[in-house]
Amino acid sequence: MAALTGTQKAAMLLLQLGRDRAARVMAQLDVNEIEELTAEILRLERVDQRLADEVLEEFHAVSVVGPGVGGGMGLAQHLLVASLGAEQAADVLERLQTTMQGQPFEFLQHADARQVVSLLSSEHPQAIALVLAHLKPDHAGIILAGLDPELQADIAHRIALMERASPDVVQVIAETLQRKASSVLQANDFAAVGGVQPLVEIINRADPGTEKVILEGLAARDEELAEEVRSRMFVFADITLLEDRAMQLVLRQVETAQLSVALKGVSDGVRETVMRNLSERARENLLEEIELLGPVRLSLVEDARAAIVQVIRRLEESGQIVIRRDAEDELVA
């Protein structure tokens, strides 16, 4: 912790807030701060989970105590609500409290599932069931799938019937496993925190102004890396990847005037994707609107496209549509 700069700590904290919240926080920063944080996010490919937790704890301590003033939960909540809003503040506080209090099997929460399977394979099924019941469901599911098939049903049955467990028993099992874990789990179980893809997902959820600042600042530092980030982002031209039903849902939320500006100078593929998903009357109205526009400033075209991309991102985030990237498998009914 002592070797970390303030910017490095801020980047680690930002990533742990979640991608949507991180995007909103970055939108409140100035250009230089955004560029510095972007650079640190890209450098933080893998970070010791315990170090990441220490950053959270330090943030919690600063929020509670403050520089020479009275602290407490009230002040921490006030500070978070003021910066993130009530709903997001509640989520952050809940996570911080969990981190501060600790969990009996916290050392397994971010460990590689295959290593946890190796650690648990010789344990009694009831002990395995107890451990899995304390882990996050997605992580526990992967671990359960890695165990011997004849054990899986037994453990699942025990989890289903489990209601309460003695804290003393849980603590004994946790301490025993933690001693064994030192020879099974490797390298302090590094957890993925940053890298290109998390940055892409943050930018995809940011407003157009923040997106532009980040990409321009990144390009000034490393054009090749900036190009890799751009290649992974969803842009207006990627609407050709949307299925027709998804495209129709998007178009219902876009005004004709905005769509006509966005379609200025697009490729034939993009235009065809839009046109085939409009009714005949809507298509005629759109073509007429485009003709009446005449030349349009590039900045206005980019703003219109960015607004439509934001609609698409919101629909994807809410689960109403699915974006099929080129590298992804197609869905089978």
Side-chain angles (χ1 to χ4, degrees), residues 19-20 23-24 26-28 31 34 197 199-219 223 226-333:
R19 288 152 186 163
D20 287 331
R24 294 189 183 99
M26 290 184 78
Q28 307 302 315
V31 174
I34 290 175
Q197 190 56 36
L199 176 63
V200 169
E201 294 182 13
I202 288 175
I203 297 174
N204 273 340
R205 290 162 173 77
D207 61 86
T210 302
E211 175 183 312
K212 184 177 181 181
V213 168
I214 292 175
L215 290 176
E216 288 180 351
L218 188 58
E223 180 59 44
E227 194 56 40
E228 181 182 356
V229 171
R230 288 193 191 96
S231 70
R232 296 195 193 185
M233 291 179 61
F234 184 92
V235 295
F236 183 72
D238 291 334
I239 65 173
T240 56
L241 301 176
L242 296 176
E243 295 180 349
D244 286 348
R245 283 180 297 179
M247 191 69 231
Q248 290 159 17
L249 183 58
V250 171
L251 291 174
R252 284 200 291 271
Q253 300 191 32
V254 177
E255 297 291 336
T256 301
Q258 186 179 59
L259 185 59
S260 63
V261 174
L263 290 179
K264 276 290 189 178
V266 296
S267 66
D268 292 341
V270 171
R271 181 181 287 251
E272 167 59 23
T273 297
V274 173
M275 294 302 177
R276 74 166 179 265
N277 286 291
L278 293 171
S279 66
E280 184 176 352
R281 182 175 180 181
R283 188 162 51 245
E284 291 174 356
N285 290 339
L286 179 60
L287 290 172
E288 183 179 351
E289 187 83 24
I290 293 173
E291 287 297 323
L292 292 174
L293 277 175
V296 180
R297 291 202 304 270
L298 179 60
S299 60
L300 294 178
V301 174
E302 291 176 343
D303 287 345
R305 293 176 181 176
I308 295 173
V309 168
Q310 287 293 320
V311 171
I312 295 170
R313 290 171 181 167
R314 286 197 300 271
L315 290 173
E316 182 188 27
E317 184 70 21
S318 65
Q320 297 181 65
I321 66 173
V322 174
I323 299 174
R324 178 179 56 80
R325 269 75 177 186
D326 283 332
E328 294 179 349
D329 292 337
E330 295 188 11
L331 299 177
V332 178

Exceeds 12 heavy-atom contacts within 6.0 angstrom, atom [atom1] of [X]:
X: Asp268; atom1: CG; result: no
X: Glu228; atom1: CD; result: yes
X: Arg245; atom1: CZ; result: no
X: Glu288; atom1: CD; result: no

**Item:** Test side-chain contact (heavy atoms from CB on, under 4.5 Å) applied to Gln258 and Val311, step by step
**Value:** CA-CA 12 Å; Gln258 186 179 59; Val311 171; 5.7 Å; no

Rounded distance [0.5 Å steps], [atom1] in [X] versus [atom2] in [Y]:
X: Leu300; Y: Lys264; atom1: CG; atom2: NZ; answer: 12.0 Å
X: Leu293; Y: Leu263; atom1: CG; atom2: CG; answer: 10.0 Å
X: Leu278; Y: Met247; atom1: CG; atom2: CE; answer: 8.0 Å
X: Leu218; Y: Glu223; atom1: CG; atom2: CD; answer: 8.5 Å
X: Gln253; Y: Gln248; atom1: CD; atom2: CD; answer: 13.0 Å
X: Leu251; Y: Leu242; atom1: CG; atom2: CG; answer: 9.5 Å

Min side-chain heavy-atom separation [X]-[Y] under 4.5 Å:
X: Val274; Y: Leu286; value: yes
X: Val266; Y: Glu272; value: no
X: Leu259; Y: Glu289; value: no

**Request:** Measure across Ala262 and Ile308 and return the closest heavy-atom pair with its distance rounded to 0.1 Å.
**Result:** CB-CD1, 3.6 Å

**Request:** Apply side-chain contact (heavy atoms from CB on, under 4.5 Å) to the pair Ile239 and Val250, showing each step before the final yes or no.
**Result:** CA-CA 10 Å; Ile239 65 173; Val250 171; over 6 Å; no

